[in-house]
There are 2 protein chains.
Amino acid sequence: MTDSPTSSAPTDIRGPRLHGVYDALRAAVLSGEIRPGEGISETRVAARYGVSRTPVREAFRRLADEGFLRIVPQVGTFVAPIQLGAVSDSQFIRETLECRTVRLAAERAAAADVASLTRLLDSHRAVMSPDRHSEFFALDEATHAELARIAGRPAVWDLLVAVKAQLDRVRFLSLHSEGWAAKIVGEHQSIVDRVAARDPDGAEEAMRAHLRTVFAAVDEIARTNSHFFET
Amino acid sequence: MTDSPTSSAPTDIRGPRLHGVYDALRAAVLSGEIRPGEGISETRVAARYGVSRTPVREAFRRLADEGFLRIVPQVGTFVAPIQLGAVSDSQFIRETLECRTVRLAAERAAAADVASLTRLLDSHRAVMSPDRHSEFFALDEATHAELARIAGRPAVWDLLVAVKAQLDRVRFLSLHSEGWAAKIVGEHQSIVDRVAARDPDGAEEAMRAHLRTVFAAVDEIARTNSHFFET
DNA sequence: GATGGCATACTAGTATGCAAGTTGCCGCGA
DNA sequence: TCGCGGCAACTTGCATACTAGTATGCCATC
């Protein structure tokens with residue numbers, strides 16, 4: 001038993017089998033390929049992916065912790081319905097934390113930070129066409145992550161990634177309307193402008209407006225897809 | 001190891017074996033019975049608790065997700081050092097969310113809510129003697145949870161319970177000084193007073209002052225126990 | 001004596017068999 | 001036709017055997 005503490009950094013490099021199953025299932029639930037209420041079984045998933053039940057069990061476990069699955073002992077495992085209450089809580093938590101971090105970012109941003117944000121915005125504008133949706137989404141996330149980094153709180157974004165999960169499930173339910181991408185990028189531009197101007201109040205307000213746009217879309221989707229939800 | 005501060009809020013009714021191992025290990029890490037850097041193995045833990053490796057593995061994985069353990073594949077599992085960065089992030093997140101919720105609580109509190117808070121304060125005063133430390137701790141938590149409930153955001157407290165984990169590890173390292181309990185209860189009283197007065201600004205300020213007190217204690221403990229920490 | 005390579009003893013990851021429990025179908029009887 | 005009892009087929013939880021990879025200490029070699 002070595003008492004040597006923590007010599008190696010890489011902690012999350014579990015077996016590729018686990019990650020493969022986990023990623024595939026997560027994507028399937030997020031995209032709606034497997035629908036809320038649908039039952040899945042360890043045995044069937046294991047057979048389908050050509051692995052044993054053990055890594056599947058761990059993937060199930062993890063997804064259940066994230067709120068994607070509901071494991072009922074001796075009965076089965078089911079895709080969890082999207083809980084409107086959980087979505088609302090996600091919104092609240094996200095708005096509270098991101099408004100605070102963007103304020104900090106505006107106070108601390110160096111020239112290099114502003115340049116980095118501007119680069120992200122340029123990349124973002126380059127992928128606004130509907131067929132590059134996944135790239136657009138990734139850059140959206142990257143922008144928010146960068147703001148957290150500039151604020152000196154990268155871990156806050158890590159937390160939000162987990163909290164946002166239920167929100168993202170809703171987002172995946174809809175193809176966004178025509179002007180959506182432009183609207184998002186425009187709001188990001190406003191935020192970056194206020195950060196560049198070292199204007200905390202303005203940055204917070206711009207962020208709040210941005211998130212309210214996103215949340216409004218989520219509510220709209222929830223209304224038009226009520227069969228996926230649970231009060 | 002009496003009662004862990006929060007025995008894992010999630011509503012998970014899995015087998016008793018898993019929970020037994022999980023609770024025991026969590027308490028052992030939190031209390032410092034197993035020290036940071038120390039290695040533990042699935043096999044030995046399984047033998048010690050008279051179960052197989054499977055439930056132990058699940059407990060390990062969960063504890064690793066919470067930041068208590070670090071699993072290094074093919075090498076071993078170790079108690080994670082307390083990361084000062086993670087503690088700082090916990091503080092930041094807690095302050096941000098709790099200041100917001102207490103503000104909401106002050107806006108929404110009904111007479112019954114104030115009465116409930118007052119009851120909690122009375123109970124709290126009754127367990128201020130040092131030999132009732134665990135009861136004092138539980139009531140501290142209950143008060144914060146109640147504030148979140150009044151704010152209409154009970155889930156925020158659930159999140160904070162997880163986020164606070166690293167903070168609690170630090171707290172367990174020290175026996176509190178003489179006037180500590182009185183100081184805490186006094187600050188809670190101030191918060192409740194401002195909530196009862198429907199004064200959001202005052203409530204937020206009182207909460208901020210309270211958390212700063214707690215955080216200052218954490219920093220002090222971190223300084224005097226630096227061997228448990230990792231920068 | 002210092003050093004490089006190899007055997008050994010550990011680790012976690014995976015596979016699989018068994019146990020305990022629930023659900024739902026299906027046949028039987030009223 | 002309706003209701004009920006029992007069985008069968010599923011589920012996950014747990015135990016155990018096996019695989020693959022790593023750290024370590026011994027031993028031969030220089």
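Reminder, nothing fancy here: chain letters follow the sequence lines and each chain counts from 1.
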> NE2/His210(B) to CD/Glu95(B) distance, rounded to the nearest 0.5 angstrom?
12.0 Å
> Round to the nearest Å and state the distance from Leu63(B) atom CG to dA12(C) atom P.
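So the CG-P distance, Leu63(B) to dA12(C), works out to 14 Å.
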> Check whether the side chain of Gln74(A) and the base of dT12(D) form a donor-acceptor pair under 3.5 Å.
yes
> Does Asp113(B) reach the main-chain N or O of Ala110(B) with its side chain, forming a donor-acceptor pair under 3.5 Å?
yes
> Distance-only, no hydrogens or angles: does the Thr96(B) side chain make a donor-acceptor pair with backbone N or O of Phe92(B) under 3.5 Å?
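Side chain of Thr96(B) to backbone of Phe92(B), a donor-acceptor pair under 3.5 Å: yes, one is there.
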> Between His144(B) and Trp157(B), what is the ring plane arrangement, given parallel below 30°, perpendicular above 60°, and tilted in between?
parallel
> Starting at atom CZ of Phe78(B), determine the distance to atom P of dC10(C), rounded to an integer number of angstrom.
15 Å
> Write down the distance between CZ (Arg62(A)) and P (dG13(C)), rounded to a whole number of angstrom.
11 Å
> How many angstroms lie between CZ in Arg153(A) and CD in Glu98(A), if you round to the nearest 0.5 Å?
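Nearest 0.5 Å value for the CZ-CD distance: 15.0 Å.
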> Atom OH of Tyr49(A) and atom C1' of dG13(C): how far apart are they, to the nearest Å?
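Result: 20 Å.
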> Between Arg61(A) and Asp65(B), is the closest basic N to carboxylate O distance under 4.0 Å?
no
> Answer yes or no: is there a donor N or O on one side and an acceptor on the other, between the side chain of Ser88(B) and the main chain of Leu84(B), under 3.5 Å?
no
> Using five pairs at each end of the helix from dG1(C)-dC30(D) to dA30(C)-dT1(D) to define an axis, what is the angle between those two axes, to 10°?
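Helix axis angle between the two ends: 10°.
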> Report yes if at least one side-chain N or O of Arg57(B) is closer than 4.0 Å to OP1 or OP2 of dA12(C); otherwise report no.
no
> Counting the atoms with a prime plus P, OP1 and OP2 as sugar-phosphate, which does Thr54(A) contact under 4.0 Å by heavy atoms, base, sugar-phosphate, or nothing?
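If one applies the 4.0 Å heavy-atom cut-off, Thr54(A) turns out to touch a base.
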> Taking CD from Glu58(A) and C1' from dT16(C), how many angstroms apart are they, rounded to a whole number?
16 Å
> Measuring to OP1 and OP2 of dT11(D), would you say a side-chain N or O of Thr77(A) lies under 4.0 angstrom away?
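The answer is no; no side-chain N or O of Thr77(A) sits under 4.0 Å from OP1 or OP2.
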> Is Ser52(B) close enough to dC14(D) that one of its side-chain N or O atoms is under 4.0 Å from OP1 or OP2 there?
no
> dA12(C) C1' sits how many Å from Ile40(B) CD1, rounded?
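Atom CD1 in Ile40(B) sits about 13 Å away from atom C1' in dA12(C).
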> Nearest to the side chain of Glu42(A), which nucleotide is it out of dA12(C), dG13(D), dT14(C)?
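Output: dG13(D).
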> In this structure, how many angstroms lie between the C1' atom of dT11(C) and the CZ atom of Phe60(B), rounded?
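Spelled out: CZ on Phe60(B) to C1' on dT11(C) is 11 Å.
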> Measuring from the side chain of Pro73(B) (C-beta onward, heavy atoms only), which nucleotide among dG13(C), dT11(C), dT12(D) has the closest atom?
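Ranking dG13(C), dT11(C), dT12(D) by closest atom to the Pro73(B) side chain puts dG13(C) first.
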> Here's a test of your reading of the structure: between Arg53(A) and Gly76(B), which maps to the more 5' nucleotide of DNA chain C?
Gly76(B)
> Taking only the side-chain heavy atoms of Val51(A) (C-beta and beyond), determine which of dA15(C), dG13(D), dT11(D) contains the nearest atom.
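The answer is dA15(C).
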